[in-house]
Amino acid sequence: MAVARAWRVLSRSGTGHGSRRSAMAPLGHWCRPASSAGPALLFTPGPLTTSAAVKQHMAHDVGSRDPDFLAVAKRMRERLLRVAETSTAQGYECILVQGAGSMALESMLGSTIPRVGKILIVSNGSYGERQEKMCQRLGIEFVAARNPWNQPVTAEIVEKALQDASAEGITHVSMVHHETTAGVLNQIQEVGEMLHARFPHLKFLVDSISSFGAYRIPANLWNIHYLCGSANKCIEGVPGFAFVIAHRDSLLEVEGCARSLVLDLQDQWRFMEKSGQFRFTPPTQAVLGFDQALNEWDEEGGLEGRHDRYMTNYTALAKGMEALGFDFFVPDPSARGCIITTFQVPASAKGKWDFTRFYDLLKDRGFMIYPASLPPNEQGITAFRVGNIGQIFPSDVEAFLVQVKAVMKEMDLPVPLR
C-alpha cells in the first residue's frame, strides 16, 4: 500500500518532472541535467535515452485493473488525441495496443481494410515495404508503388500511382510520415489534401511511428482516417505499447474484418470504452513512464518545443559531420527530417572504414549510433545513421562530434575525410 500511495502522489503532484527549460526559454538554455546522466547516450531512432523522471515513474508495481492505472490509461488516450490535434468530439478515437509500433501498424492494416478492400502502399524505405509484407501475410490485396529511398513521397507521386491501371478498385492509401530508413520526411499534408480533393472516397492510413510528437499530424485537418504511433519515439517513453488514432465512423463501418484476435482494433476499442481496461495484459510500467513522458513533452512546449530541440540537434549534427567530411545519403536538405540522419563515408576513405570498430569506439566513449539500412542495389555504399531524438541536447551533440573526430584519428582516418 505504501508503494501505491507513493506512486499516486508522484503522478498527481508532478514531482520529478524532467523539464530542462520553460516553453519560453531561449534555445541556448538547453543542457543536460545531471540527473539524466547515464552510462551511454543513444543517438538512435528508438528505443532512446529517457529522462530520470520517466524511469522513476516506472519503478512501481501496479495492477492492470487498478482504478488509478485505468485513470492514467484513459487520460493518456485523451492526451494523444490532442497531440494529433483532434478529439472524440471531432469523431476520432485513440486505441492503445500492446507491443511495438509494428503491432499497431499491423492492427491498423488488418482491422480497417475490408475483405473486399484493396490498398495502395506508397513507400520509400524498408518501413513502407514492411506494410507490403504485412498485407501478404494478412491476405490483403495491395498495390505497391516503390520510390527511391533518399527522396520524399509527394502528392504527385501518389496521384500518378492512383491513375495507373493497377490501382483499379483501390479503397485505401497508406504511407509513412517519416521514413526512418534514410531519414526522409514525406509530404503527408499534401497527400491528404490531394486525396480529399481528387479521391474523396479513399481512406488514408499513415504510419507516424517515428514522427508523432515531433511533427504536426492533425488527423482531421489533413484527411487522415487512421494513424499509428509508438511510445518509444518522439514522446520519449519506453517500448511496450503503441497506439492507433482512428476516425470513428470509418473504424466502425468495417467492424468484423479483423484478421487477428489479439490485434482486433475494434474489439480493443470497444473493450476499453466499456471497462477502461486492455483486453490482455498491458505493459503497466511502460504506461506509467509514458504518462510522465507526456508531462515532459507538455513542459518543453509541446510539439513546437520538442521539434525545436530536435531541429537544433539535427542542425548542429549535420554541420559538424559535414565538416568532418561525411556525405549525406539524402542529398536534398529540405527532404531530411530532424529525427535521424544517414551519413555516407566518401569513396576515398572506404578502404580504411570499419563500422564495427567505429561503433565500438564511440560506445566506449558513451555514444551509441545506428547501422545503415539501404536498398539492395546500394548495399555497396558505406553508411550509418545517427539519431537526434530522446533526451539528447545540443551540448550532447557537440560532445558527440568531438568524440567522432577522436575516433577517426584513432582509426587512422583523415580528418576531414575529404
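N313 places a side-chain N or O within 3.5 Å of a backbone atom of N388 that can act as its donor or acceptor partner. Side chain of Y215 to backbone of H307: no donor-acceptor contact under 3.5 angstrom is found.
A donor-acceptor contact closer than 3.5 angstrom is absent between the side chains of E236 and Q292. Residues S64 and Q277 bring no donor and acceptor atom of their side chains to less than 3.5 Å of each other.
Under a 4.0 Å N-O distance rule, the pair E106/R259 does not qualify as a salt bridge. Under the 4.0 Å criterion applied to side-chain N and carboxylate O atoms, E253 and K203 are assigned as salt-bridge partners. We find that E273 and R279 are not joined by a salt bridge, their nearest charged nitrogen and carboxylate oxygen being 4.0 Å or further apart. Between R130 and D207, no side-chain nitrogen of the basic residue sits less than 4.0 Å from a carboxylate oxygen of the acidic one, so the salt-bridge criterion is not met. E304 has no carboxylate O lying under 4.0 Å from a charged side-chain N of R216, or vice versa, which leaves the two without a salt bridge.
Using a 4.5 Å heavy-atom cutoff, the side chains of T180 and I339 are not in contact. Contact of the Q285 side chain with the D61 side chain is registered, since non-hydrogen atoms from C-beta on lie closer than 4.5 Å. Looking only at side-chain heavy atoms (C-beta outward), H172 and L202 stay at 4.5 Å or farther from each other. Side-chain contact between L41 and M368: absent, with no pair of heavy atoms (C-beta onward) separated by less than 4.5 Å. Looking at heavy atoms from C-beta onward, V184 lies out of side-chain contact with Q151 at the 4.5 angstrom threshold. A heavy-atom distance below 4.5 Å is found between the side chains of E78 and R82. The shortest side-chain heavy-atom distance between D412 and K352 falls under the 4.5 Å cut-off. Side-chain contact between L288 and F69: present, with at least one pair of heavy atoms (C-beta onward) separated by less than 4.5 Å.
Other residues, nucleotides and ligands contribute only 12 or fewer heavy atoms inside 6.0 Å of the CZ atom of R137. More than 12 heavy atoms of other residues, nucleotides or ligands sit less than 6.0 Å from atom NZ of K118.
Taking CG from L80 and CD1 from I245, the interatomic distance works out to 6.0 Å, rounded to the nearest 0.5 Å. Note that CE of M108 is 5.0 Å distant from OG of S174, once rounded to the nearest 0.5 Å. Summarising the geometry, atom NZ belonging to K233 is positioned 13.0 Å from atom CD1 belonging to I235; distances are rounded to the nearest 0.5 Å. The CE atom of M321 sits 8.5 Å away from atom CG of L417, with the distance rounded to the nearest 0.5 Å.
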(request) Go through the steps for E132 and Q136 under the test side chain to side chain donor-acceptor pair (under 3.5 Å), then give the verdict. (result) CA-CA 6 Å; E132 300 172 22; Q136 286 174 342; 5.6 Å; no

(request) Verify side chain to side chain donor-acceptor pair (under 3.5 Å) between E190 and T154, making sure each step is shown before the conclusion. (result) CA-CA 7 Å; E190 294 81 356; T154 65; over 6 Å; no

(request) Check the pair N232, F290 against side chain to side chain contact (heavy atoms under 4.5 Å, CB included), reporting the backbone distance first and the verdict last. (result) CA-CA 9 Å; N232 60 293; F290 191 77; over 6 Å; no

(request) May I have the step-by-step check of side chain to side chain contact (heavy atoms under 4.5 Å, CB included) for F43 and T341, ending in yes or no? (result) CA-CA 10 Å; F43 279 71; T341 308; over 6 Å; no

(request) Before giving the answer on side chain to side chain contact (heavy atoms under 4.5 Å, CB included), spell out for H178 and N186 the whole-Å C-alpha distance, their side-chain angles and the decisive distance to 0.1 Å. (result) CA-CA 6 Å; H178 174 271; N186 292 320; over 6 Å; no

(message) Pair H177, S211 - check side chain to side chain donor-acceptor pair (under 3.5 Å), show working.
(response) CA-CA 7 Å; H177 189 188; S211 62; 2.8 Å; yes

(request) Tell me, with the steps shown, if D396 and Q391 meet side chain to side chain donor-acceptor pair (under 3.5 Å). (result) CA-CA 9 Å; D396 299 316; Q391 286 285 288; over 6 Å; no

(request) Carefully, step by step, assess V254 and I113 under the rule side chain to side chain contact (heavy atoms under 4.5 Å, CB included). (result) CA-CA 7 Å; V254 293; I113 302 167; over 6 Å; no

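In summary, of the residues considered (D164, I119, L120), a side chain to side chain contact (heavy atoms under 4.5 Å, CB included) with I170 occurs for L120 alone.
Both tests hold for R309 against F393: distance to the six-membered ring centre under 6.0 Å, angle to the ring axis within 45°.
The aromatic ring centroids of Y92 and H247 lie less than 6.0 Å from each other. The aromatic ring centres of F278 and F271 sit 6.0 Å or more apart. Ring to ring, F243 and F212 are close: their centroids are under 6.0 angstrom apart. Taking the ring centroids of F326 and F384, they lie under the 6.0 Å cut-off. In summary, the aromatic rings of F329 and F343 are positioned with their centroids too far apart to meet the 6.0 Å limit.
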